Structures are given as C-alpha cells and as structure tokens.
Amino acid sequence: MAKKILLINGPNLNLLGMREPEIYGAATLTDVESLAQETAQHAGASITCFQSNHEGALIDRIHAAKTEGIEAIVINPGGLTHTSVALRDALVGVAIPFIEVHISNIHQREAFRHHSFLSEIARGVLCGLGIEGYRAAIDFAAKKL
Ligand code: CA2
C-alpha cells in the first residue's frame with residue numbers, strides 16, 4: 001500500500017509567488033502542490049495537500065489525518081511556527097511523525113522567527129532551501145517515516 005502523506009501549508013502561503021519574491025521566490029502555492037504530487041508519485045506514495053489561513057482549520061485537519069490513516073505530515077506552519085502552542089499540541093496529540101519546512105532561512109531573519117514551537121517535536125526541520133525543501137521532506141517522508 002502506498003504511504004499516505006499530508007502536506008499542510010499555513011497562513012499566508014496562498015500568497016506565494018505574488019509578493020516578496022526576494023524572500024520566498026517566484027513559485028506559487030499551486031507550483032508547490034504540483035511539486036509535492038510529482039515527488040510523492042515518484043516515491044510511490046500518495047499525498048493530500050491542504051492550506052488554510054485559520055489556526056483552528058489546521059488543527060482540525062491534523063486531527064482528521066489520524067482517522068484517515070495518514071502516516072507522515074510535511075508542514076510549513078507559516079507565522080504560526082513562532083506562536084502556536086495549539087498547533088504543537090495537535091501534532092503531539094495525533095502522534096503522526098512530521099517534518100517542518102520553511103522556504104526561507106528563518107535563522108537569517110528577524111529574531112522573532114528564530115524560535116519554533118514545533119522544531120523540538122519534529123522528526124526533522126528544513127529551512128532556507130526554497131521550495132526544494134518540500135521536495136526533500138516529501139521524499140524523506142515517503143521513504144523513511
Ligand atoms: O519561510 C517560510 O516558509 C515561513 O514559514 C513563511 C512564513 C513566515 O512567517 C515564517 O517565519 C517563515 C510566512 C508565509 C507568508 O508567505 C508569503 C508569501 C508571499 C507573500 C507574502 C507572504
């Protein structure tokens with residue numbers, strides 16, 4: 001059976017490719033989700049993509065993942081990375097292994113971006129590789145998680 005992966009993108013990532021290309025590049029969210037599908041397919045996995053600007057919707061999606069038999073999550077939590085205990089609690093609650101991805105190198109940016117509430121409980125963290133970080137994370141999730 002193909003491994004089931006869930007890709008989650010958090011607040012404002014629907015704006016990818018529309019503003020701040022010097023930080024986030026030119027690719028759109030649609031490009032990211034196409035890359036995700038292609039990567040998963042190549043690795044023999046299946047992937048579902050979800051983006052929301054709402055913290056509660058992201059938490060509900062993580063809870064649903066458990067009942068759907070999702071085996072790995074790749075998540076770019078957007079700005080919630082630096083604020084959300086609730087998102088961390090949801091990921092602990094479902095106990096699905098996850099990889100945290102950031103397009104930019106959060107450690108080269110403002111001090112408030114240097115801390116993540118998720119990194120300590122993530123299987124791994126990728127940042128600063130642009131959208132290639134998603135490819136690496138999904139490939140790893142498909143093969144190793
Ligand atoms: O580098 C990343 O992937 C981030 O998770 C992106 C978040 C930011 O708050 C994190 O610190 C790092 C922001 C996502 C907003 O994305 C935009 C994309 C284009 C235009 C405006 C916002």
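Only a predicted model underlies this, so the values are computations on that prediction, with no experimental measurement involved. All ligand and atom numbering here is 1-based and tracks the order in the structure.
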What orientation do His102 and His82 show, parallel under 30°, tilted 30 to 60°, or perpendicular over 60°?
parallel
Go through the side-chain N and O atoms of Arg109 and Ser104 and say whether any donor and acceptor fall under 3.5 Å apart.
yes
Does atom NE2 of His54 have more than 12 heavy-atom neighbours, drawn from other residues, nucleotides or ligands, at distances under 6.0 Å?
no
In the protein, what heavy atom is nearest to atom 13 (C) of ligand 1, and what distance, to one decimal place, separates them?
Tyr24 OH, 3.4 Å
Would you mind checking which non-hydrogen protein atom is closest to atom 1 (O) of ligand 1, with the distance to 0.1 Å?
Ser104 OG, 2.5 Å
How far is atom 20 (C) of ligand 1 from its nearest protein heavy atom, and which residue and atom name does that atom have?
Arg19 O, 3.4 Å
Test your reading of the model: is there a side-chain donor-acceptor pair from Lys66 to the backbone of Val94, 3.5 Å cut-off?
yes
Contact partition for Ile106 relative to ligand 1, non-hydrogen atoms under 4.0 Å
side chain
Proximal atoms of ligand 1 relative to Ile103 (non-hydrogen, under 4.0 Å):
1 (O), 2 (C), 3 (O)
Residue, atom name and distance, where the atom is the protein heavy atom closest to atom 16 (O) of ligand 1:
Asn12 O, 3.5 Å
Taking all heavy atoms of Leu16 and all of Leu29, pick out the closest pair and write down the distance.
CB-N, 3.8 Å
For atom 4 (C) of ligand 1, which protein heavy atom lies nearest, and how many Å away is it?
His102 ND1, 3.7 Å
Any luck finding a side-chain donor-acceptor pair between Asp31 and Ser34 under 3.5 Å?
no
Considering heavy atoms of the protein only, find what lies nearest to atom 21 (C) of ligand 1 and give residue, atom and distance to 0.1 Å.
Glu20 OE2, 3.6 Å
In the protein, what heavy atom is nearest to atom 11 (O) of ligand 1, and what distance, to one decimal place, separates them?
His82 NE2, 2.7 Å
Heavy atom of the protein closest to atom 8 (C) of ligand 1 (residue, atom name, distance):
Arg113 NH1, 3.3 Å
Any chance the side chains of Thr81 and Glu100 put a donor and an acceptor closer than 3.5 Å?
no
